[in-house]
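Worksheet for the structure shown next.
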Number of protein chains: 2
Amino acid sequence: MAKIDDVARLAGVSKGTVSNVFSQKRATSPKVTERVLRVSRELNYVPNHTARSLVTKKTMAIGLTIPHGNFFFSAFHNQFINGVILEASTYGYRVLLDMIAVEEVKTPSLASYPIDGAIVLGPTKEDRRIQLLHQNQIPFVTVGKIMNQGIEDVSTVNNNNDKIIRDICNYLISKGHRNIMFLNAGQQMTVSIVRTEAFIHALEAHQIELQPHMIHYKPLIYSEEYMRYGYDETYNTLANLEEKVTAIISDDDRTAFSAMNALKDLGYSVPEDISLFVICGDLSMMHQVTPSLTGMDLQPSELGVQSVKLLMHKLSVLEGEFTNHWIVDSKIVERDSCSSV
Amino acid sequence: MAKIDDVARLAGVSKGTVSNVFSQKRATSPKVTERVLRVSRELNYVPNHTARSLVTKKTMAIGLTIPHGNFFFSAFHNQFINGVILEASTYGYRVLLDMIAVEEVKTPSLASYPIDGAIVLGPTKEDRRIQLLHQNQIPFVTVGKIMNQGIEDVSTVNNNNDKIIRDICNYLISKGHRNIMFLNAGQQMTVSIVRTEAFIHALEAHQIELQPHMIHYKPLIYSEEYMRYGYDETYNTLANLEEKVTAIISDDDRTAFSAMNALKDLGYSVPEDISLFVICGDLSMMHQVTPSLTGMDLQPSELGVQSVKLLMHKLSVLEGEFTNHWIVDSKIVERDSCSSV
DNA sequence: CTGAAAGCGCTTACAG
DNA sequence: CTGAAAGCGCTTACAG
C-alpha cells in the first residue's frame with residue numbers, strides 16, 4: 001500500500017500538502033490538487049484510516065450496543081438499524097455492532113473501545129452497558145428510558161411508551177373490553193416497566209381492577225420458555241381464569257402468532273371471540289396474515305435516524321441546539337384483529 | 001485518558017514493559033505485572049486501540065457488507081448476524097456493519113477501510129463490493145456463490161442451493177405436484193440464478209415442461225412492486241394460467257404470507273388446494289402460523305459461524321488447513337402446508 | 001525478564 | 001498557498 005510519503009515525493013510536494021488535498025481542511029491550488037490526485041490514483045493511494053484516527057482522535061465509528069443474551073432481532077430492530085446506518089453514513093460514520101452482556105461482569109477489554117459514541121438499544125434497569133460507556137467517557141444515547149443508573153442527563157430517543165399503552169387501552173376499552181391480558185416484553189427492560197405502569201393506570205382510569213395473571217413478561221431468549229411465550233400464557237390464563245379475557249395486547253408479532261395458536265386450540269377465533277393488538281410488529285407481516293393484525297406504528301427507522309442525529313450533536317459534528325430527550329411519534333394502525341364486544 | 005507513559009512512569013518501568021503486560025506477547029515478572037496492573041487501575045488506563053492498530057496493522061474488526069438498496073433484514077439475516085458476532089467475538093474481533101451500493105459507483109471513500117477482512121452477504125452478478133474489496137486487497141469471504149467477478153479462488157460459505165431446490169422439487173413431485181410456481185429471490189442475486197437452473201433441471205428430470213410465468217423474481221426493495229410481491233404473482237398466475245398450479249415455492253415467509261393472501265382471495269386454501277413451501281423463513285413464524293409452513297432449515301447461524309471461521313483462517317488468526325468452499329447442511333422440515341394431490 | 005529508541009502513517013501548529 | 005518538524009500512543013526489533 002502506498003503511503004503519504006510516496007505520493008508527496010512523486011508529486012513533488014510535502015506530506016502536509018498531500019494531507020490537505022485529501023482532508024480539504026486547507027485549500028490547495030488547483031495545479032497541486034490535480035497533480036496529487038493523479039499520483040494518488042497511479043499509486044492506488046488512500047489515506048490510512050488508523051493513522052489519521054490516531055491524531056484526530058476520532059474513529060468515525062459509532063457503536064450500536066445490542067443486549068446480548070436476552071435479545072433477538074425483530075423487524076423493529078431491523079428497521080431501526082437501517083435508519084441508524086443510513087443516517088450515520090450521512091456524516092461519514094460507520095456502525096460497529098456490539099453485543100455487550102447486560103449484567104455479567106466480563107473481563108475488561110484489553111484495549112479502549114474504538115468508537116466515538118454509542119447507541120444503546122433496549123436499556124434495562126441498572127444496565128451494565130451504560131455504566132461501561134459512562135465510565136469510559138464515551139458519549140452515548142439510549143433508545144428507551146434509563147432507570148437506576150445514577151447518571152445525570154442521559155440523552156434519550158424514545159417512543160412515548162406511556163402514551164402508547166394508554167392509547168391502546170383506551171382503544172380497546174372504547175370497544176367494550178374490560179378484561180385485557182398483556183403480553184409484555186422482557187421484565188428486565190425499562191420499557192416493560194413503563195408499560196406496566198401505564199397499563200395499570202389506564203385500567204384504573206376506567207375503574208377496571210387489574211386481575212391477577214393479566215400481565216406477563218417475555219422470558220430470556222435462551223430459556224426453554226422463550227419459544228412458548230404467548231402460547232402458554234394465553235392457554236393457561238384463558239383456560240383457568242374466571243373472568244373471560246376478551247382482548248390481548250402482545251409485545252410483538254411473533255408472540256401474537258403464538259397466542260393465536262393457543263386461541264385456536266382453545267376454540268376461540270380472532271377477532272370474533274378475542275381481540276388481538278400488537279405493539280411492535282413487522283408491518284408487512286401484520287397486514288399479510290389472516291386476520292391482519294391491528295397494531296402500533298412505532299416508526300423504528302425514525303428512532304434510528306433521530307438517535308444518530310442526537311449522538312452527532314453530542315459529538316459536535318452537528319451544530320445548533322438540540323433536546324436531550326426526543327420523542328418519536330406513534331399511532332394506531334387499525335386492521336382486522338380487534339372488534340367490539 | 002491516561003496513556004502508556006503515565007503508567008510507565010508511575011510504575012517505574014519502561015513503556016515496553018507496560019505494553020507487554022497488556023499484550024502478553026512477552027512474559028513479565030509477577031511483581032512487575034502486578035505493579036503495572038495496579039497503577040493502570042488507579043489511572044483508569046487502557047491501551048489506546050488506534051495507536052496499537054497503527055503499528056500492528058490490525059484493526060481487529062471485520063466488515064459485514066450488506067447489499068444496500070435492494071435488501072431488507074429477514075429472520076435469516078438476523079440469525080446469520082448473530083452467528084457472525086458471536087463467533088467473531090471469540091477471536092476478539094468486532095463487526096462493522098456496512099451497506100455498500102452493489103452497483104452505483106460512489107465517490108471513492110476518503111480513507112482506507114478500517115477492517116482486517118470482510119464478509120459479503122448475498123453476492124450479485126458482477127458485485128461491486130467484491131471488486132472493491134479485491135482491489136483494496138482486503139481478505140473476504142462471500143456467503144453465496146460469486147459469478148462473473150474475474151477473481152480466482154474466492155472463499156465461499158454457502159448452502160447447497162442446487163441440492164436444496166432439487167430436494168424441494170422432488171419432495172413436491174413425490175406428492176404428485178407437476179405444476180409448481182416458484183417465487184424466487186431477487187433476480188440480481190447469484191442465489192436466484194443457481195436456484196432457477198436447479199428448478200428447471202429438477203422438472204426436466206421428471207419430464208415436466210416448464211410453463212411460462214412459473215418463475216418470478218423479487219422486485220427491488222424500494223420499488224412499488226416490492227410490497228405486493230407474492231400476492232400479484234400468485235393472483236395473476238393462478239387466475240390466468242390454463243393449467244392449474246398445485247404448489248408454490250416461496251423464497252421467504254413474508255412472500256409466502258403474501259401469496260396466501262392471494263390464494264384466499266381466489267378461494268383456494270392451503271394445503272387442501274395448493275401446497276406452499278418456504279425456502280427461507282423464520283422458524284418461530286413458520287410453526288406459529290396456521291397452517292404451519294413446511295420449509296427448509298438453512299442453518300443461518302451456522303453460515304455466520306463458518307464464514308467467520310473461514311475468514312479467520314485467511315487472516316491467519318486460525319491455524320491449520322481449511323477449505324475455500326464450505327457448505328452448510330440444510331434439510332426439509334415438514335409442517336402442515338404441503339399435501340399430496 | 002527489561003529498557004532505550006525507532007517507527008507505524010498520518011495531521012497540525014508554526015513559520016513563511 | 002506551501003513546507004519542515006513535532007507529535008498522536010502505541011509496539012517491536014535490538015541489546016543486554
Side-chain angles (χ1 to χ4, degrees), chain A residues 1-37 39-40 43-61 92 109-116 136-137, chain B residues 1-37 39-40 43-61 92 109-116 136-138 317:
Chain A
M1 287 272 87
K3 48 186 80 163
I4 199 168
D5 302 80
D6 303 327
V7 177
R9 205 177 317 119
L10 245 144
V13 295
S14 72
K15 308 195 299 184
T17 300
V18 176
S19 175
N20 288 325
V21 345
F22 279 95
S23 71
Q24 312 253 41
K25 293 197 180 166
R26 293 194 309 188
T28 43
S29 68
K31 295 183 214 169
V32 168
T33 306
E34 196 267 339
R35 202 164 65 224
V36 167
L37 251 22
V39 171
S40 299
L43 299 183
N44 220 308
Y45 170 75
V46 140
N48 179 299
H49 181 271
T50 304
R52 176 181 281 176
S53 281
L54 183 57
V55 21
T56 60
K57 301 197 178 314
K58 286 184 190 172
T59 64
M60 297 308 280
S109 61
L110 273 64
S112 67
Y113 203 66
I115 54 174
D116 296 337
N136 291 314
Q137 303 180 48
Chain B
M1 286 273 88
K3 48 186 80 164
I4 198 168
D5 302 79
D6 303 327
V7 176
R9 204 178 317 118
L10 245 144
V13 294
S14 72
K15 307 196 300 184
T17 300
V18 175
S19 175
N20 288 325
V21 345
F22 279 95
S23 70
Q24 311 253 42
K25 291 196 181 166
R26 293 194 309 187
T28 43
S29 68
K31 295 182 214 168
V32 169
T33 306
E34 196 267 338
R35 200 164 66 224
V36 168
L37 251 22
V39 172
S40 300
L43 298 183
N44 219 310
Y45 170 76
V46 141
N48 179 299
H49 181 270
T50 305
R52 175 182 281 176
S53 281
L54 183 56
V55 20
T56 59
K57 301 196 177 314
K58 286 184 191 172
T59 64
M60 298 309 280
S109 61
L110 274 63
S112 67
Y113 204 66
I115 54 174
D116 296 337
N136 290 315
Q137 303 180 49
I138 296 174
V317 342

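Below, chain A is the first sequence line, B the second, and so on; all start at residue 1. Because only heavy atoms are used, hydrogens play no part in the values below, and waters and symmetry mates are left out as well, while side chains stay in. Remember, predicted model here, so these are calculated numbers, not experimental data.
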Donor-acceptor contacts, no H, no angles, side chain residues 11-22 of chain A, under 3.5 Å, sequence neighbours left out:
{"residue": "A:Ser14", "atom": "OG", "partner": "A:Gly16", "partner atom": "N", "Å": "3.4"}
{"residue": "A:Ser14", "atom": "OG", "partner": "A:Thr17", "partner atom": "N", "Å": "3.3"}
{"residue": "A:Ser14", "atom": "OG", "partner": "A:Thr17", "partner atom": "OG1", "Å": "3.2"}
{"residue": "A:Asn20", "atom": "ND2", "partner": "A:Gly16", "partner atom": "O", "Å": "3.1"}

B:Arg52 has an atom CZ; how far is it from atom C1' of D:dC8, in whole Å?
16 Å
Name all residues meeting the side-chain contact (heavy atoms from CB on, under 4.5 Å) criterion together with A:Val55; count only those two or more places apart in sequence or in a different chain, and write none if there are none.
none
What are the two closest non-hydrogen atoms of A:Ile4 and A:Tyr45, and how far apart are they?
N-CE1, 3.5 Å
Run the side-chain hydrogen bond (donor to acceptor under 3.5 Å, both in side chains) test against A:Thr28 and tell me which residues pass, sequence neighbours left out.
A:Thr33
Could you write out each protein N or O paired with an N or O of nucleotides 12-15 of chain C at a distance under 3.5 Å?
{"residue": "C:dT12", "atom": "OP1", "partner": "A:Lys25", "partner atom": "NZ", "Å": "3.4"}
{"residue": "C:dC14", "atom": "N4", "partner": "A:Arg26", "partner atom": "NH1", "Å": "3.1"}

Expressed in whole Å, how much space separates the C1' atoms belonging to C:dG16 and C:dT12?
16 Å
Length of the CG-P vector between A:Leu54 and D:dC8, whole Å:
9 Å
Return the set of residues passing side-chain contact (heavy atoms from CB on, under 4.5 Å) with B:Lys25 (not counting sequence neighbours), or none when no residue passes.
B:Ser23, B:Thr56
In DNA chain C, stems of three or more consecutive pairs, Watson-Crick or G-U, each with both distances under 3.5 Å, turn out to be C:1-3 with D:14-16, C:5-12 with D:5-12, C:14-16 with D:1-3
A:Gln24 CD - C:dT11 P separation (whole Å)
12 Å
Only counting residues at least two apart or in another chain, list the ones meeting salt bridge (Lys or Arg N to Asp or Glu O under 4.0 Å) with A:Arg9.
A:Asp6
Can you list the residues that meet the side-chain contact (heavy atoms from CB on, under 4.5 Å) rule with B:Thr50, with sequence neighbours excluded?
A:Thr50, A:Ser53, A:Leu54, A:Thr59, B:Asn48
Could you tell me if the side chain of A:Arg52 sits less than 4.5 Å from the side chain of A:Met60, heavy atoms only?
no
Within residues 4-14 of chain A, those residues having any heavy atom closer than 4.0 Å to DNA chain D are A:Gly12, A:Val13, A:Ser14
Give the minimum heavy-atom separation between B:Ala61 and B:Pro114, together with the two atoms involved.
CB-O, 4.2 Å
Using a heavy-atom cut-off of 4.0 Å across all strands, would you classify B:Val18 as base, sugar-phosphate, or nothing?
nothing
Whole Å only: how far is the CG atom of B:Asn48 from the C1' atom of D:dG7?
14 Å
